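Structure first, commentary second.
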Amino acid sequence: MAGSTQAPLTSVADVELEPIRLVAPDGTPTTETRYRRDLPPETMGWLYELMAVTRALDAEFVNLQRQGELALFASCRGQEAAQIGSAACLRKTDWLFPQYREIGAFLLRGITPAQMGAVWRGRWHGGLGFTEKCVAPIAIPIGTHGLHAVGAAMAAQRLGEDSVTVAYLGDGATSEGDAHEALNLAAVFKAPCVFFVQNNQWAISVPVSRQQAGPSIAHRAIGYGMPGIRVDGNDVLACHAVMAEAAQRAREGHGPTLIEAVTYRLGPHTTSDDPTRYRSQDEVDKWVALDPIPRYRKYLQNIDVWDERLQHRVETRAARLCTELRDAIVNTPDMDVGQLFDTTYAEITPTLQAQRDQLMAELAKEA
Ligand SMILES: Cc1ncc(C[n+]2csc(CCOP(=O)(O)OP(=O)(O)O)c2C)c(N)n1
Ligand SMILES: [Mg+2]
């Protein structure tokens, strides 16, 4: 996006193909000035901590799946900067509408490893605890939550609140009809919603080149009539700055923004996938060299923010959360199944009550 955030985009030349980048892959600052912000050192250290802890937790999820404790898991390895940067600049009352790979954003919002684990373990209460943190439950049907995010943004608008919603979409999700409807609706009604697309280059085995014929995902913003911006999704500071500006724009009543965070899914689509069947090791190696965590660590070392104390804090917290996750997955019994019906609506409907009675009667027979 060139120039002002308010300017309507009218031509392909208005959207920069080169992503906004503040930290170069070698950890040095770039010459970008428009988005450069002076974050306090504690904030910069906190971003690093969250990214590194996300990675550790993600690895523990994969281990648990490999050990047969989970049927499936979708790793976010490689996307930590995009998730942490985009979520860290928001208010706690801004609603997040995740797809399914957003562990970093969940961690940042204080969703516990046990709560995340319940989702992947397939427990009936998976998803409980999310809305208390203004995070919608994960959405497996691709793209549907874009509409939820716009609906919630329009509700906030009507209630006179100044909260913002964020729809986390994948590159693949942008090909879904629901995503187009959401983007269009948001633009027409100036909904305070930011569309944060993590373009991790793949939708299972389909490359991003098969998701659009235009120059980029961000360029589609021209058609919707909203700003579109490409950001280096492996640069946490750039993601933070770009999202902060889009959120402010939405909060001030200027409507939605489409952000394309250019990143990479370093792992398989899920633990059931074998990516060697559709992508080359050369491609993976190229992106490993752009890994957001070592890059940011080098940057923090260059500016004397990283030190052994910070690393120790990261490792201690990571170890504690991984233990919590393992314990919750392996040792925690399911909650009472009757509660499943209690948490669906504020007040149980007659149909649900009948279903609950039927289930309880069946279970009583088995006991
Ligand atoms: C409506 C719908 N269609 C198809 C699927 C099967 N599916 C699961 S994940 C996925 C790919 C999504 O890719 P992307 O949006 O890029 O997200 P990523 O997995 O890369 O994070 C598909 C097609 C689904 N879950 N929902
Ligand atoms: Mg993808």
Side-chain angles (χ1 to χ4, degrees), residues 19 54-55 57-58 61-62 65 70-87 96-107 116 119-120 122 126-127 135-150 166-183 194-214 216-220 230-234 239 258-280 283-284 286-287 290-292:
T54 299
R55 180 151 305 182
L57 203 55
D58 191 271
F61 263 109
V62 174
Q65 195 283 332
L70 302 172
L72 183 79
F73 177 66
S75 162
C76 73
R77 190 158 54 91
Q79 298 178 221
E80 297 88 349
Q83 297 185 8
I84 299 301
S86 62
L96 310 184
F97 288 79
Q99 198 153 291
Y100 41 71
R101 210 183 281 288
E102 278 69 44
I103 288 193
F106 299 156
L107 177 74
M116 297 180 212
V119 175
W120 288 105
V135 180
I138 69 170
I140 298 290
I142 303 296
T144 50
H145 59 290
L147 286 160
H148 305 161
V150 179
V166 178
Y168 282 92
L169 300 170
D171 44 293
T174 64
S175 298
E176 288 286 342
D178 283 354
H180 295 294
E181 290 165 26
L183 282 152
V194 181
F195 296 89
F196 189 79
V197 177
Q198 290 174 82
N199 171 4
N200 64 6
Q201 313 299 322
W202 292 94
I204 313 184
S205 56
V206 179
V208 67
S209 58
R210 303 299 295 271
Q211 308 296 348
Q212 89 262 321
S216 79
I217 290 170
H219 279 81
R220 297 190 206 173
R230 296 191 97 208
V231 60
D232 184 336
N234 287 10
C239 289
L258 172 57
I259 299 173
E260 176 184 0
V262 183
T263 180
Y264 196 71
R265 192 196 75 210
L266 286 174
H269 170 68
T270 66
T271 45
S272 303
D273 174 43
D274 173 9
T276 62
R277 296 184 58 174
Y278 56 81
R279 68 185 190 183
S280 70
E283 178 185 305
V284 179
K286 185 192 122 205
W287 283 93
L290 301 173
D291 189 322

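Values in this document were obtained by computation on a predicted structure and should not be read as measured data. Numbering of residues begins at 1 and proceeds along the displayed sequence. Read the numbers this way: they start at 1 and go in the same order the structure lists the ligands and their atoms.
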Can you report which non-hydrogen protein atom sits closest to [atom], along with the distance?
{"atom": "atom 21 (O) of ligand 1", "result": "R101 NE, 2.8 Å"}
{"atom": "atom 16 (O) of ligand 1", "result": "G172 N, 2.8 Å"}
{"atom": "atom 23 (C) of ligand 1", "result": "I204 CD1, 4.1 Å"}
{"atom": "atom 4 (C) of ligand 1", "result": "I142 CG1, 4.3 Å"}
{"atom": "atom 15 (O) of ligand 1", "result": "A173 N, 2.9 Å"}
{"atom": "atom 25 (N) of ligand 1", "result": "I140 O, 2.9 Å"}

- [ ] Would you check, one step at a time, whether the test side chain to side chain contact (heavy atoms under 4.5 Å, CB included) holds for R55 with D291?
- [x] CA-CA 11 Å; R55 180 151 305 182; D291 189 322; 2.7 Å; yes
Taking heavy atoms and a distance under 4.0 Å, where does [X] meet ligand 1: side chain, backbone, both or neither?
{"X": "H269", "answer": "side chain"}
{"X": "Y100", "answer": "side chain"}
{"X": "Q99", "answer": "side chain"}
{"X": "A203", "answer": "both"}
{"X": "D171", "answer": "both"}

Task: Apex the Mg ion (ligand 2); atoms W202 O and N200 OD1; angle rounded to 10 degrees - done: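 Taking the Mg ion (ligand 2) as the apex, I get 80° for this pair.
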- [ ] Find out whether R265 and R101 are in side-chain contact, i.e. whether some heavy atom of one side chain is under 4.5 Å from a heavy atom of the other.
- [x]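 The answer is yes, as the side chains (C-beta and beyond) meet within the 4.5 Å cut-off.
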Open item on the list: Would you say atom 2 (C) of ligand 1 makes contact with the protein, given that contact here means a non-hydrogen protein atom less than 4.0 Å away?
Closed with: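 It does; a protein heavy atom is within 4.0 Å.
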Task: Which N, O or S atom of D171 lies nearest to the Mg ion (ligand 2), by name - done: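 Atom name of the closest N, O or S in D171: OD1.
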Can you name the closest pair of heavy atoms from [X] and [Y] and give their distance?
{"X": "Y168", "Y": "H145", "answer": "O-NE2, 2.7 Å"}
{"X": "A82", "Y": "A261", "answer": "CB-CB, 4.3 Å"}
{"X": "Y278", "Y": "S205", "answer": "CD2-CB, 3.4 Å"}
{"X": "R77", "Y": "E80", "answer": "CA-OE2, 3.5 Å"}

For the residue pair [X] and [Y], confirm or rule out a side-chain donor-acceptor distance under 3.5 Å.
{"X": "Q211", "Y": "D171", "answer": "no"}
{"X": "S75", "Y": "D58", "answer": "yes"}
{"X": "N234", "Y": "T263", "answer": "yes"}

Open item on the list: Between Q201 and V262, is the side chain to side chain contact (heavy atoms under 4.5 Å, CB included) condition met? List the steps.
Closed with: CA-CA 8 Å; Q201 313 299 322; V262 183; 3.6 Å; yes
Task: Those atoms of ligand 1 less than 4.0 Å from some heavy atom in P141 - done: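 Answer for ligand 1: 26 (N).
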- [ ] Could you tell me which atoms of ligand 1, counted from 1 in the order shown, lie closer than 4.0 angstrom to a heavy atom of N200?
- [x]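 Per the distance check, 18 (P), 20 (O), 21 (O).
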